[in-house]
Amino acid sequence: QVQLVESGGGLVQAGGSLRLSCAASTRTFSTYSMGWFRQAPGKEREFVAYIRRTESRTYYANSVKGRFTISRDNAKNTVFLQMNSLNAEDTAVYSCAASPFEYTDDYYARASTYPYWGQGTQITVSS
């Protein structure tokens, strides 16, 4: 079992930045690929970003490409999501997810791919 705990959420003005962290409770963190998803009120959960076991490859949803950056520190068992130029459409609960497998096709964008999830952290962007 892998437990994931997100932090760093909150209220931010449009155009601002936030950095989310997701700490994993496993000594084998480097063997998991990681994803960030978000869910806005009344909407389905959507893919945000994905990073493979090392930082060699990352993938983003078109809606966040160029504004968000996913990274990881395997020594600290933590994955990050740096979010810049935030707008009201980014308001959602953000959750990190872990998978023991790596993907190069769009399986990384499917929530059903990931067996482990954090509880989520709320991001609210005021306009």
Between Ile51 and Tyr32, does the side-chain contact (heavy atoms from CB on, under 4.5 Å) criterion hold? Intermediate values first, please.
CA-CA 9 Å; Ile51 188 167; Tyr32 290 85; over 6 Å; no

Summary of salt bridge (charged side-chain N to carboxylate O under 4.0 Å, His left out) pairs that have at least one residue in residues 111-127, sequence neighbours excluded:
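For residues 111-127: none.
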
Pairs satisfying salt bridge (charged side-chain N to carboxylate O under 4.0 Å, His left out), at least one member in residues 62-81, at least two apart:
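Of all non-adjacent pairs touching residues 62-81, those that pass salt bridge (charged side-chain N to carboxylate O under 4.0 Å, His left out) are Arg67-Asp90.
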
Tell me whether [Y] is reachable from [X] by hopping between hydrophobic residues (I, L, V, M, F, W, Y) whose side-chain heavy atoms are closer than 4.5 Å.
X	Y	answer
Tyr94	Phe80	no
Tyr116	Val79	yes
Val93	Met34	no

Taking Met83 as the fixed residue, which of Ile123, Val64, Val125 is the one that meets the side chain to side chain contact (heavy atoms under 4.5 Å, CB included) rule?
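So, applying the side chain to side chain contact (heavy atoms under 4.5 Å, CB included) to Met83 and each of Ile123, Val64, Val125, only Ile123 qualifies.
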
Looking only at heavy atoms, what is the nearest atom pair of [X] and [Y], with distance?
X	Y	answer
Tyr114	Ser33	CE2-O, 4.5 Å
Phe29	Thr78	CE2-N, 3.5 Å
Ser95	Gly120	OG-CA, 3.5 Å
Phe37	Ala109	CE2-O, 3.5 Å
Ala40	Ala92	N-CB, 3.8 Å

Enter the distance from Glu102:CD to Arg52:CZ here, rounded to the nearest 0.5 Å.
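Reported to 0.5 Å precision, the distance equals 4.0 Å.
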
Measure the OG-CG distance between Ser126 and Leu86 for me, rounded to the nearest 0.5 Å.
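One gets 10.5 Å once the value is rounded to the nearest 0.5 Å.
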
Tyr108: what forms a ring pair (Phe, Tyr, Trp, His ring centres under 6.0 Å) with it, not counting sequence neighbours?
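Listed in chain order: Phe47, Tyr50, Tyr59.
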
Donor-acceptor pairs are to be reported for all side-chain atoms of residues 9-24 against protein atoms at under 3.5 Å, with residues two or more places apart or in another chain.
residue : atom : partner : partner atom : Å
Ser17   : OG   : Asn84   : OD1          : 2.9

Is Gln122 atom CD crowded by more than 12 heavy atoms from other residues, nucleotides or ligands, each under 6.0 Å away?
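Check passes, neighbour count above 12.
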
I'd like to know if the side chain of [X] and the backbone of [Y] have a donor-acceptor N/O pair within less than 3.5 Å.
X	Y	answer
Asn77	Thr26	yes
Thr121	Gly8	no
Gln119	Val5	no

Tyr103 vs Tyr107 aromatic rings, parallel, tilted or perpendicular, using cut-offs 30° and 60°?
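Tilted: the ring planes of Tyr103 and Tyr107 meet at 30° to 60°.
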
Can you list the residues that meet the salt bridge (charged side-chain N to carboxylate O under 4.0 Å, His left out) rule with Arg53, with sequence neighbours excluded?
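Per chain and number, Arg53 pairs via salt bridge (charged side-chain N to carboxylate O under 4.0 Å, His left out) with no residue.
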
State which residues pass salt bridge (charged side-chain N to carboxylate O under 4.0 Å, His left out) with Arg45; sequence neighbours excluded, sorted by chain then number.
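Listed in chain order: nothing, the list is empty.
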
